[in-house]
Amino acid sequence: MTVTNVDADEFRYVLATDGLARPLLDELELEYDTRYGDFFGERASTELNRYPAELFSASHGGAFVVLLRGGVPIAGGAFKRLDPETAELKRIWTSSAHRRQGLARRVVEELEAEAVRQGYTRIYLTTGPRQPEAKALYLATGYSPLFDTELAPEVVGIHPFQKSVGGER
């Protein structure tokens, strides 16, 4: 059994075009295509390129963070401005070699903290119907589903969630 020193992990804010983000985005694209195929009528690359990279930069009210272990990106995520009060989380990902360590939760918590630092009071996000682990993560971290949780996931389609953060401005 390998013991990992998570105290050595480091969050680093980068541009979405930074080389540290590339391995995570590449793996995310492969995972989306594997899980969804043509379910949404488009390839994952279409979704991943839907928004200009600059929307995930602080100068545009966004953020892109990677979690590094020994200088290697193992998880990450981003947000962009949805409206003046709301950050929209996107691209939450953990490397397939580092799953089941609570890293996605750490990324979500870090992004929430950064959203609060930037003055946001609400977070919105969506996930797909074939990502039960993401749905479980968002429910476990206090997000409210904006869909009927009794319906079958593929009947719901895109699963939206929201959460209030940081109090009022």
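Here, residue 1 is the first one in the sequence, and each next residue gets the next number.
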- Message: Starting from Leu82 and following side-chain heavy-atom contacts under 4.5 Å between hydrophobic residues (I, L, V, M, F, W, Y), which residues can be reached?
- Response: Tyr124, Leu146

Tell me the closest heavy-atom pair linking [X] and [Y], and the distance in Å.
| X | Y | value |
| --- | --- | --- |
| Leu103 | His98 | CD1-O, 3.3 Å |
| Ala53 | Thr17 | CB-CG2, 3.6 Å |
| Arg99 | Trp93 | NH2-CZ2, 2.8 Å |
| Gln118 | Ala63 | NE2-CB, 4.2 Å |
| Pro145 | Leu139 | CD-CD2, 3.8 Å |
| Ala78 | Phe64 | CB-CD1, 3.5 Å |

Beyond-backbone contact of [X] with [Y], side-chain heavy atoms, under 4.5 angstrom:
| X | Y | value |
| --- | --- | --- |
| Tyr138 | Ile92 | yes |
| Leu111 | Val107 | yes |
| Phe79 | Ile123 | no |
| Pro23 | Asp26 | no |

Give, for atom [atom1] of [X] and atom [atom2] of [Y], the distance between the pair rounded to the nearest 0.5 Å.
| X | Y | atom1 | atom2 | answer |
| --- | --- | --- | --- | --- |
| Leu68 | Asp9 | CG | CG | 8.5 Å |
| Leu125 | Thr86 | CG | OG1 | 11.5 Å |
| His60 | Lys80 | NE2 | NZ | 12.0 Å |
| Leu67 | Arg69 | CG | CZ | 7.0 Å |
| Thr127 | Ile158 | OG1 | CD1 | 7.5 Å |
| Leu30 | Leu25 | CG | CG | 12.5 Å |

- Any chance you could lay out the side chain to side chain contact (heavy atoms under 4.5 Å, CB included) test for Leu89 and Tyr143, step after step, and finish with the verdict? CA-CA 12 Å; Leu89 295 190; Tyr143 284 80; 3.6 Å; yes

- Sidechain-backbone polar pair: His159 side chain, Gly157 backbone, donor-acceptor under 3.5 Å: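 Here the side-chain-to-backbone pair exists.
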
- Are the side chain of Arg105 and the backbone of Leu137 linked by a donor-acceptor contact shorter than 3.5 Å? no

- Query: Regarding Glu110 and Tyr13, is there a side-chain donor-to-acceptor distance under 3.5 Å anywhere?
  - Reply: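 Yes, because at least one side-chain N or O of Glu110 sits under 3.5 Å from a partner of the opposite role on Tyr13.
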
- For the residue pair Glu27 and Ser96, confirm or rule out a side-chain donor-acceptor distance under 3.5 Å.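 Result is yes, a qualifying pair exists.
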
- Message: Between Glu112 and Lys163, does any side-chain N to carboxylate O distance fall below 4.0 Å?
- Response: yes

- Salt bridge between Glu114 and Arg117, side-chain N to carboxylate O under 4.0 Å?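 Yes, Glu114 and Arg117 are salt-bridged.
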
- Task: List in chain and number order the residues that pass side chain to side chain donor-acceptor pair (under 3.5 Å) with Asp18, two or more places apart in sequence or in another chain; answer none if no residue qualifies.
- Result: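 Asp18 satisfies side chain to side chain donor-acceptor pair (under 3.5 Å) with no residue once adjacent residues are dropped.
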
- Check against side chain to side chain contact (heavy atoms under 4.5 Å, CB included), Arg91 and Phe56: CA-CA 10 Å; Arg91 319 290 185 254; Phe56 301 104; 4.3 Å; yes

- Task: Tell me whether the guanidinium CZ or amine NZ of Lys90 lies under 6.0 angstrom from the six-membered ring centre of Tyr51 and within 45° of its axis.
- Result: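 Ring-cation test returns no.
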
